[in-house]
Amino acid sequence: MTEFEPPAAAPGDQPAAYDAVVLAGGAARRLGGADKPAVRVGGRPLLDRVLAACADARTTVVVAGPRPTARPVTWAHEDPPGGGPVAALDAGLRHVTAEHVVLLSADLPFLDGRTVGALLDALRRGAADGVLLTDADGRDQPLVAAYRTPSLRRELAALSARHGGTAGLPLRRLTGALDLLRISDPVASFDCDTWDDIATARARIREHGHVLDEWISAVKDELGIDLDVDTGVLLDLARDAAHGVARPAAPLTTFLVGFAAARAGGDADAVAEAARKAVALARRWAEEDTEDAAPDTPSGGAEPDTRTDAG
């Protein structure tokens, strides 16, 4: 992902609130008219993947027809319908109240919260109107960006005054008038315009270095779980239970850890504490198998005297 590293926050600092606008309309002609936001990559609709990346937004507005989503959103419609990205942005901004807004398309399979955070941090630190990603060819991606809300409203009003509305205008008419900072990120800026792009995204997600994180994210979305835990601890627990007890003990033990953590409050600390106890138990169990089956000896470790004339 991006090489941008945000500064360390001072103790007690909380990031400023932001809103998100996701453009999920369009005809998807290069996909044969398919419902692109609903196309699944890694078991999740593209739209849900993007919503997960901006999950900490105060308000998330999706400009499209309503549909089931993994996270609650506010729905908006451009006027006229099919009026293009500038009209869709205008419709979305009507529901935005935060000083900063993240503007995203609904077809970004590799976007994540860290990249969204990097865009916002760069925007807050500087004086630019917006911060956007550039793709592998160095092209601007204005639909993977963070903007100052007043700047967008100012340019939208100017465009509308000059053209008698915003329908049919290309997004570059708006962004070309803004002072923008750019961050190169060929991965997070990758979008899915064609079925070949979809195939590429699906293949990459199943690569060894990505598949576990992708699977965990998909399961959490499917089960409605919004909890970050140390998966390494759980994997170590599963390994210890499988090796020290029996292979079927691994999934059963991790299930019981989750159940115990839920009873203890259900946060990441509860998971860590339950896993710690289970790991210790699995190791004690395994150690019993490796101890010598020697007879008990008297206290102090001295061997009993078994000579016939002893005593």
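When reading the values below, keep in mind they use all heavy atoms of this one structure, side chains included, and skip hydrogens, waters and symmetry mates.
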For this session: List the steps and the verdict of side-chain contact (heavy atoms from CB on, under 4.5 Å) for Thr69 and Leu47.
Result: CA-CA 8 Å; Thr69 56; Leu47 176 57; 3.9 Å; yes

Spacing of [X] atom [atom1] and [Y] atom [atom2] [to the nearest 0.5 Å]:
X: Gln141; Y: Leu171; atom1: CD; atom2: CG; value: 10.5 Å
X: Thr254; Y: Leu252; atom1: OG1; atom2: CG; value: 7.5 Å
X: Phe110; Y: Ser189; atom1: CZ; atom2: OG; value: 10.5 Å
X: Thr134; Y: Ile183; atom1: OG1; atom2: CD1; value: 9.0 Å

Check the pair Asp19 / Thr60 against side-chain contact (heavy atoms from CB on, under 4.5 Å), numbers first and verdict last.
-> CA-CA 6 Å; Asp19 292 335; Thr60 299; over 6 Å; no

Taking all heavy atoms of [X] and all of [Y], pick out the closest pair and write down the distance.
X: Ala145; Y: Leu132; result: CB-CB, 3.5 Å
X: Ala241; Y: Thr253; result: CB-OG1, 3.9 Å
X: Pro37; Y: Ala24; result: CG-O, 3.4 Å
X: Pro109; Y: Leu46; result: CB-CD2, 3.9 Å
X: Thr59; Y: His95; result: CG2-O, 4.2 Å
X: His77; Y: Ala64; result: CE1-O, 3.5 Å

Taking side chain as C-beta onward, heavy atoms only, is [X] less than 4.5 Å from [Y]?
X: Val101; Y: Leu152; value: yes
X: Leu235; Y: Val233; value: no
X: Thr115; Y: Leu133; value: yes
X: Val102; Y: Tyr18; value: yes
X: Ile198; Y: Trp195; value: yes
X: Leu237; Y: Val257; value: yes
X: Tyr147; Y: Leu178; value: yes
X: Leu89; Y: Leu174; value: yes

What about [X] and [Y], same hydrophobic cluster or not, with Ile/Leu/Val/Met/Phe/Trp/Tyr joined at side-chain heavy-atom distances under 4.5 Å?
X: Leu123; Y: Leu119; result: yes
X: Leu120; Y: Leu103; result: no
X: Leu51; Y: Leu111; result: yes
X: Leu180; Y: Leu169; result: yes
X: Val63; Y: Val96; result: yes

*Run the salt-bridge test on Asp90 and Arg94 with the 4.0 Å N-O cut-off and return the result as yes or no.*
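Result for this pair is yes, salt bridge flagged.
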
Are Asp112 and Arg114 within salt-bridge range, i.e. N to O under 4.0 Å?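 No, this pair does not count.
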
Could you tell me whether the side chain of [X] and the main chain of [Y] form a donor-acceptor pair under 3.5 Å?
X: Asp240; Y: Val279; value: no
X: Ser160; Y: Ala157; value: no
X: Asp137; Y: Arg139; value: no
X: Glu155; Y: Leu159; value: no

Pairs touching residues 35-50 that satisfy salt bridge (charged side-chain N to carboxylate O under 4.0 Å, His left out), sequence neighbours left out =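 Output for this query lists Asp35-Arg67, Lys36-Asp107, Lys36-Asp193, Arg44-Glu214, Arg44-Asp221, Arg49-Glu214.
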
- Residue pair Arg182, Asp140: steps toward the side-chain contact (heavy atoms from CB on, under 4.5 Å) verdict: CA-CA 8 Å; Arg182 291 162 174 83; Asp140 287 355; 2.8 Å; yes

Atom CZ of Arg172: over 12 foreign heavy atoms under 6.0 Å
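Result for CZ/Arg172: open.
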
If the test is side-chain contact (heavy atoms from CB on, under 4.5 Å), which one of Arg153, Arg124, His100, Glu99 qualifies with Arg148?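 With Arg148 as partner, Arg153, Arg124, His100, Glu99 yield a single side-chain contact (heavy atoms from CB on, under 4.5 Å), made by His100.
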
* **Ile205/Val41 under side-chain contact (heavy atoms from CB on, under 4.5 Å): CA gap, chis, key distance, verdict** => CA-CA 8 Å; Ile205 279 171; Val41 173; 3.2 Å; yes

